[in-house]
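Presented below is the structure to which this report refers.
Remember, predicted model here, so these are calculated numbers, not experimental data. In each ligand, atom 1 is the first atom listed, and ligand 1 is the first ligand listed.
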Amino acid sequence: MQTLFIVSILFTACCAVPQDLSGKMFTFPVESNTAHVTLLPSRVNFTSVTVCLRYLTDLTRTYPLFSMATSGSDNYFLIFKTANKGHFQVLTRGQASGFRGLPDEPNTWYSSCSTWESNSGLAQIWINGNPSTRKVGFKGNLDGAPSIVLGQEQDSVGGGFDAGQSFVGMITDVHMWDYALSACEIQRFASDLNFTPGNVINWRALDFTITGDVVVEDNQTNGCFHSQ
Ligand SMILES: *[C@@H]1O[C@H](CO)[C@@H](O)[C@H](O)[C@H]1NC(C)=O
Ligand SMILES: *[C@@H]1O[C@H](CO)[C@@H](O)[C@H](O)[C@H]1NC(C)=O
Ligand SMILES: [Ca+2]
């Protein structure tokens with residue numbers, strides 16, 4: 001029994017094959033408290049974080065763009081849209097930094113990058129390469145084994161989901177770094193130019209598990225109107 005348990009842990013740990021999802025997107029077609037994607041990070045324990053992704057939704061209620069939880073804090077690193085138009089939060093170890101007046105039109109693709117640095121505790125959101133103000137959050141390192149989820153907001157490690165806070169729409173190009181990207185690197189991501197892929201989460205070599213109603217599809221606009 002114990003041997004079997006160990007063998008199965010080794011199997012999941014060693015043999016998940018990362019996939020190159022370039023040109024693909026995750027479609028979350030239904031509101032639920034189950035559908036989500038779990039992402040496996042290649043590093044843990046962070047002194048700085050950047051998470052970049054692109055998304056499209058028509059939600060006007062609250063929703064998460066990126067939920068990272070540990071046993072110590074379910075809002076370890078959370079990018080969260082509040083019910084107010086253009087109002088986002090970055091939560092670091094439960095401490096919210098609020099950002100108002102950001103672009104937030106329905107059915108529109110946005111590039112979103114969130115940064116945080118432990119020394120200053122400062123967090124910031126960049127939408128389409130344009131910066132928000134910088135606001136203070138948690139000061140200190142983010143240590144521990146993180147559970148990273150797209151599509152749901154974790155209130156416990158890997159669970160505690162609420163349909164009223166689920167993401168419905170599409171998400172693509174998810175990357176995470178263990179450092180704060182420079183303004184130029186964020187603008188390269190926003191413009192879909194060559195950028196250094198995430199060293200914690202890399203969309204081009206993504207270690208992920210789908211649970212429930214989430215579909216991997218071709219990015220519908222990929223290749224039509226690319227000017228770069
Ligand atoms: C997907 O489409 C959106 C909207 O045109 C675009 O901004 C984004 O770069 C595309 N992603 C990929 C991976 O082609
Ligand atoms: C991460 O931090 C925890 C708690 O400080 C520590 O126990 C663990 O060894 C660290 N892991 C790595 C890979 O550095
Ligand atoms: Ca939570």
Quiz item: Within a distance of under 4.0 Å, is there any protein heavy atom near atom 11 (N) of ligand 2?
Solution: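 So far as the 4.0 Å threshold goes, atom 11 (N) of ligand 2 is in reach of a protein heavy atom.
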
Quiz item: Protein heavy-atom contact under 4.0 Å for atom 2 (O) of ligand 2?
Solution: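 Yes, because at least one protein heavy atom sits under 4.0 Å from atom 2 (O) of ligand 2.
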
Practice problem: Give, rounded to 10 degrees, the angle between OD2 (Asp74) and OD1 (Asn75) as seen from the Ca ion (ligand 3). | Solution: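 Between OD2 of Asp74 and OD1 of Asn75, the angle at the Ca ion (ligand 3) is about 90°.
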
Exercise. Return the residue, atom name and 0.1 Å-rounded distance of the protein heavy atom closest to atom 13 (C) of ligand 2.
Key: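 Its nearest protein heavy-atom neighbour is Val44 CG2, 3.8 Å.
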
Self-check item: Metal check, the Ca ion (ligand 3) vs Gln154 N/O/S, cut-off below 3.0 Å
Solution: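 For Gln154, the answer is yes, given that an N, O or S atom comes within less than 3.0 Å of the Ca ion (ligand 3).
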
Exercise. Could you state whether Val51 and Tyr55 fall into the same hydrophobic cluster, counting links through intermediate Ile, Leu, Val, Met, Phe, Trp or Tyr residues with side-chain heavy atoms under 4.5 angstrom apart?
Key: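 Yes.
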
Exercise. Decide whether Trp116 and Ile201 are clustered together by the hydrophobic rule: side chain heavy atoms of Ile, Leu, Val, Met, Phe, Trp, Tyr closer than 4.5 Å, transitively.
Key: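 Per the 4.5 Å side-chain linkage, Trp116 and Ile201 are co-clustered.
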
Quiz prompt | Distance flag, aromatic centroids of Tyr63 and Phe167, threshold under 6.0 Å | solution =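 Close enough - the centres of the two rings lie under 6.0 Å apart.
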
Quiz item: Taking the six-membered ring for Trp, is the centroid-to-centroid distance between Trp203 and Phe208 below 6.0 Å?
Solution: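 No, the ring of Trp203 stays outside the 6.0 Å limit from the ring of Phe208, centre to centre.
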
Quiz item: Do the non-hydrogen side-chain atoms of Leu56 and Met25 ever get within less than 4.5 Å of each other?
Solution: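 Leu56 vs Met25: side chains apart.
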
Practice problem: Taking atom NZ of Lys139 as the centre, report whether more than 12 heavy atoms of other residues, nucleotides or ligands fall under 6.0 Å from it. | Solution: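 Not more than 12 within 6.0 Å, no.
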
Self-check item: Residue selection (non-hydrogen contact nearest atom 4 (C) of ligand 2) among Leu142, Thr70, Asp143
Solution: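 Among Leu142, Thr70, Asp143, the closest heavy atom to atom 4 (C) of ligand 2 belongs to Asp143.
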
Exercise. Output the list of atoms in ligand 2 that are nearer than 4.0 Å to some heavy atom of Asn45, sorted by atom number.
Key: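 Every atom of ligand 2 under 4.0 Å from some heavy atom of Asn45: 1 (C), 2 (O), 3 (C), 8 (C), 10 (C), 11 (N), 12 (C), 14 (O).
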
Quiz item: If you check every N/O/S atom of Asp155, which is the one nearest the Ca ion (ligand 3)?
Solution: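 Closest to the Ca ion (ligand 3) among those atoms: OD1.
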
Self-check item: Glu153 atom (N/O/S) at minimal separation from the Ca ion (ligand 3)
Solution: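 So the atom name we want here is OE2.
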
Quiz item: Say you draw a straight line from CZ of Arg93 to OG of Ser73; how long is it, rounded to the nearest 0.5 Å?
Solution: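 Answer rounded to 0.5 Å: 6.0 Å.
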
